[in-house]
**Student:** 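What follows is a single structure, and I will ask about it in a moment.
As the structure lists them, so they are numbered: ligands from 1, and atoms in each ligand from 1. All of these numbers come straight from a predicted model, not from anything done at the bench. When a residue number appears, it is its place in the shown sequence, counting from 1.
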Amino acid sequence: MIFGIIVYLFLIYILHNAYSKYKRLNENQLPGPFPIPILGNIYQLTNLPHFDLTKMSEKYGKIFRIYLADLYTVIVCDPIIARELFVDKFDNFIDRPKIPSVKHGTFYHGTVASMGDNWKNNKEIVGKAMRKTNLKHIYQLLDDQVDVLIESMRTIESSGETFDPRYYLTKFTMSAMFKYIFNEDISKDEDVHNGQLAQLMKPMQKVFKDFGTGSLFDVLEITRPLYFLYLEWFTSHYYQVINFGKMKIYKHLETYKPDVQRDLMDLLIKEYGTETDDQILSISATVSDFFLAGVDTSATSLELIVMMLINYPEYQEKAYNEIKSALSSNGGGGGGGLTQRNKVLLSDRQSTPFVVSLFKETLRYKPISPFGLPRSTTSDIILNNGQFIPKNAQILINYHALSRNEEYFENPNQFDPTRFLNSDSNPAFMPFSIGPRNCVGSNFAQDEIYIALSNMILNFKFKSIDGKPVDETQTYGLTLKPNPFKVILEKRK
Ligand code: HEM
């Protein structure tokens with residue numbers, strides 16, 4: 001009897017689920033592959049979904065829909081459409097999907113997870129705080145952190161050991177963020193596996209894993225409420241990151257003076273206030289956003305550039321020669337007088353366009369973030385071409401498809417940094433997204449990556465440990481990482 005009822009309810013559920021996927025939403029609804037009840041189109045995706053979805057766009061066009069289980073998801077593979085959505089019709093695409101993993105931990109506080117007018121308010125506060133810290137202070141802090149990185153590399157080189165780019169570059173971006181937000185120095189000897197770096201790094205890695213792989217329970221409507229409770233009651237890593245931020249707020253408050261701004265935390269305290277739990281959560285969620293969105297992204301970009309420098313030694317030499325000649329002609333700027341400086345500064349960027357192009361081409365050729373962060377529609381909407389997108393649809397930009405689009409890039413499957421030398425901008429190159437909700441840390445990221453990369457190239461030649469090219473395969477996750485590899489460092493004379 002009970003078994004019969006369960007089977008009956010299950011059949012009703014399947015029928016209802018199928019109906020919700022097969023019913024006609026609008027006469028101009030988006031095309032897309034056939035979804036099955038419950039799983040939708042998940043069964044058509046492999047562990048490299050950005051490739052699968054690029055392939056699908058050959059059949060369904062520049063914009064199409066898939067069902068990730070029950071979540072109606074729009075895949076955008078064209079820069080003009082991306083602009084229409086994220087710039088021209090921005091207000092309709094302002095939100096993030098209201099799924100348990102977005103709500104969990106922050107309850108839609110902070111920058112990444114907030115929605116609508118709350119997001120606008122948060123963005124204004126964070127933008128203001130970042131503009132104020134984006135003065136001389138940030139240049140000095142990046143400079144100091146690069147010194148620590150180069151010193152560690154020198155020690156490795158002189159001891160004959162191999163260099164582990166993931167470990168040291170993550171430590172570099174993590175230390176830069178510690179200095180920027182908390183005004184704290186991380187010493188050369190501190191380990192990412194012990195001490196306070198580890199206190200934050202370990203739970204962050206678990207959060208990346210959860211977000212990166214995604215969960216079926218997040219996208220199945222029937223399991224969402226229980227999944228949210230599971231995340232809240234039985235997982236602790238997101239709260240460890242949030243609580244780390246809270247602990248730092250209280251520590252800051254012990255010495256806080258409203259008219260002195262030591263770091264980003266002081267500015268966030270000033271802008272949000274700390275009288276209510278809500279304000280404290282807003283600050284700690286913002287801090288957690290910066291660590292989660294800004295450490296791994298920059299470290300992975302640097303790791304990928306090092307990989308490309310090894311695999312394309314001719315570009316490594318070209319970059320080195322460009323830096324050397326920029327330092328000779330700009331020699332006095334760093335206090336070196338007539339002698340050549342032995343350190344690259346952010347002010348050298350103008351004189352080293354090839355190094356900048358190397359960074360851009362790596363982000364194009366190997367986008368680190370396959371779909372950026374998902375957006376969600378606030379209402380039904382008709383696009384310029386008449387196509388219909390329903391309310392609460394998830395929107396994903398397929399960055400891989402954009403960067404391999406022949407309409408915008410000649411020989412898109414070729415790694416060629418020179419393509420960015422003569423063109424200031426390409427509408428399909430948007431690694432930091434576009435429109436008012438693009439990456440708030442894009443300037444910070446570009447400064448940090450430039451200063452680390454150029455000084456590494458100036459000081460060392462990178463080689464693979466077996467003389468062969470490094471395997472360029474990337475593993476899918478929140479960021480697309482290469483398989484771990486080690487590097488032989490050769491000191492430049
Ligand atoms: C190479 C490095 C980076 C890349 C490629 C990158 C890319 C992105 C992308 C694609 C988005 C999604 C924007 C959207 O919804 O359309 C984003 C959002 C964000 N990024 Fe970055 N990012 C990088 C580094 C950073 C850094 C260093 C920080 C912090 C200093 C940061 C902080 C954020 C935040 C807070 C958001 C959420 C913005 C919002 O919801 O308003 N990112 N980033």
Side-chain angles (χ1 to χ4, degrees), residues 50 76 79 82-83 85-87 90 93-97 102 106 108-116 118-127 129-131 133-134 138 141-142 145 169-170 172-181 211 245 263-265 268 282 285-305 359-360 362-377 394-400 402-403 429-453 478-481:
H50 51 302
V76 181
R83 185 161 286 277
L85 270 47
F86 284 9
V87 181
F90 165 69
F93 295 87
I94 189 175
D95 284 351
R96 303 272 178 223
V102 173
T106 62
Y108 305 133
H109 286 68
T111 318
V112 169
S114 53
M115 313 270 182
N118 271 340
W119 171 79
K120 284 186 180 163
N121 186 38
N122 288 330
K123 170 83 182 210
E124 205 181 307
I125 291 179
V126 170
M130 287 188 85
R131 273 193 301 281
T133 41
N134 205 6
I138 188 163
L141 84 85
L142 287 175
Q145 299 308 321
L169 297 172
T170 307
F172 163 70
T173 56
M174 189 83 171
S175 308
M177 204 59 92
F178 253 77
K179 185 75 183 163
Y180 183 44
I181 302 180
F211 271 125
D263 47 34
L264 189 76
M265 178 67 100
L268 292 174
S282 292
T286 306
V287 168
S288 122
D289 288 343
F290 271 54
F291 275 99
L292 291 167
V295 168
D296 192 52
T297 41
S298 298
T300 305
S301 306
L302 278 166
E303 188 182 351
L304 285 165
I305 306 173
F359 164 51
K360 288 185 174 174
T362 307
L363 279 190
R364 180 199 71 84
Y365 189 69
K366 300 251 163 231
I368 52 151
S369 179
F371 303 106
L373 291 170
R375 298 279 190 87
S376 179
T377 42
Q394 166 167 259
I395 312 292
L396 298 178
I397 305 284
N398 183 352
Y399 288 98
H400 177 261
L402 291 189
S403 27
F429 182 67
M430 48 171 88
F432 298 100
S433 185
I434 42 170
R437 197 165 189 171
N438 71 349
C439 174
V440 292
S442 70
N443 287 338
F444 184 94
Q446 289 174 73
D447 289 353
E448 156 181 72
I449 290 170
Y450 174 78
I451 196 89
L453 176 68
L478 200 59
T479 52
L480 289 168
K481 288 185 192 305

**Student:** Of the side chain and backbone of Leu363, name the one, both, or neither that has a heavy atom under 4.0 Å from an atom of ligand 1.
**Tutor:**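 It is neither part, as no heavy atom is under 4.0 Å.
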**Student:** May I ask whether Trp119 places a heavy atom under 4.0 Å from ligand 1?
**Tutor:**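 True for this residue.
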**Student:** Classify the angle between the aromatic ring planes of His50 and His400 as parallel (below 30°), tilted (30 to 60°) or perpendicular (above 60°).
**Tutor:**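 Correct class here is perpendicular.
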**Student:** Test your reading of the structure: does Thr111 have an N or O sitting under 3.5 Å from an N or O of ligand 1?
**Tutor:**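 For ligand 1, there is an N or O atom that lies under 3.5 Å from one belonging to Thr111.
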**Student:** Check for me whether the distance between the ring centres of Phe432 and Tyr399 falls short of 6.0 Å.
**Tutor:**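 That pair fails the under 6.0 Å test.
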**Student:** Under 4.0 Å from a heavy atom of Pro431: which atoms of ligand 1 are those, numbered in the order shown and with their elements?
**Tutor:**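 Here the atoms of ligand 1 in question are 5 (C), 7 (C), 10 (C).
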**Student:** What protein heavy atom sits nearest atom 40 (O) of ligand 1, and how far away is it?
**Tutor:**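 Answer, as residue, atom name and distance: Arg96 NH2, 2.6 Å.
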**Student:** Test your reading of the model: is there a side-chain donor-acceptor pair from Arg364 to the backbone of Phe429, 3.5 Å cut-off?
**Tutor:**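 A pair under 3.5 Å: no.
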**Student:** Suppose I only count heavy atoms of Phe290 and a 4.0 Å limit; which atoms of ligand 1 are within that range?
**Tutor:**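 Checking each atom against Phe290, I get 29 (C), 30 (C).
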**Student:** So which atom in Leu268 and which in Ala129 form the shortest heavy-atom distance, rounded to 0.1 Å?
**Tutor:**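 Residues Leu268 and Ala129, closest heavy atoms: CD2-CB, 4.2 Å.
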**Student:** Could you grab the protein N, O or S atoms closer than 2.8 Å to atom 21 (Fe) of ligand 1 for me?
**Tutor:**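 N, O, S partners closer than 2.8 Å: Cys439 SG.
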**Student:** Using every non-hydrogen atom in the two residues, find where Pro374 and Leu396 come nearest and quote the distance to one decimal.
**Tutor:**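 Smallest interatomic distance, heavy atoms only, reads CB-CD2, 3.7 Å.
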**Student:** Looking at every heavy atom in both Tyr180 and Asp263, which two are closest together, and how far apart are they?
**Tutor:**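 Closest approach of Tyr180 to Asp263: O-CB, 3.5 Å.
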**Student:** Considering residues at least two apart in sequence or located in another chain, which fulfil the ring pair (Phe, Tyr, Trp, His ring centres under 6.0 Å) criterion with Tyr365?
**Tutor:**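 Partners of Tyr365 by the ring pair (Phe, Tyr, Trp, His ring centres under 6.0 Å) criterion, ordered by chain and then number, come out as Phe415.
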**Student:** For Arg83 and Gly435, indicate whether the former's side chain and the latter's backbone hold a donor-acceptor pair under 3.5 Å.
**Tutor:**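 Answer holds: no.
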**Student:** Consider every N or O of Arg375 and every N or O of ligand 1, then say whether any pair is closer than 3.5 Å.
**Tutor:**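 Yes - when backbone and side-chain N and O of Arg375 are compared with those of ligand 1, one distance drops under 3.5 Å.
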**Student:** Of all the non-hydrogen atoms in the protein, which one sits nearest to atom 1 (C) of ligand 1, and at what distance?
**Tutor:**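 Of the protein heavy atoms, Ser301 OG, 3.3 Å lies nearest.
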**Student:** Give the minimum heavy-atom separation between Thr111 and Ser114, together with the two atoms involved.
**Tutor:**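 Taking every non-hydrogen atom into account, O-OG, 3.5 Å.
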**Student:** Which atoms of ligand 1 are found less than 4.0 Å from any heavy atom of Ile368?
**Tutor:**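 That gives atoms 5 (C) of ligand 1.
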**Student:** Tell me, please: is Met177 in heavy-atom contact with ligand 1, that is, under 4.0 Å?
**Tutor:**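 Flag set, Met177 near ligand 1.
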**Student:** Taking Thr173 for its side chain and Val295 for its backbone only, find out whether a donor-acceptor pair lies under 3.5 Å.
**Tutor:**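 Confirmed, Thr173 side chain pairs with Val295 backbone.
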**Student:** Donor-acceptor check, side chain of Arg375 to backbone of Ile395, threshold 3.5 angstrom: yes or no?
**Tutor:**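 No, because the side chain of Arg375 does not come within donor-acceptor range (under 3.5 Å) of the backbone of Ile395.
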**Student:** Which residue and non-hydrogen atom of the protein lie closest to atom 37 (C) of ligand 1, and at what distance in Å?
**Tutor:**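 Answer for atom 37 (C) of ligand 1: Val112 CG2, 3.6 Å.
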**Student:** Do me a favour and list the nearest non-hydrogen protein atom to atom 14 (C) of ligand 1 with residue, atom name and distance?
**Tutor:**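 For atom 14 (C) of ligand 1, the nearest protein heavy atom comes out as Arg437 O, 3.2 Å.
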**Student:** CD1/Ile368 to OG/Ser298 distance, rounded to the nearest 0.5 angstrom?
**Tutor:**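 So the CD1 of Ile368 and the OG of Ser298 are separated by 7.0 Å.
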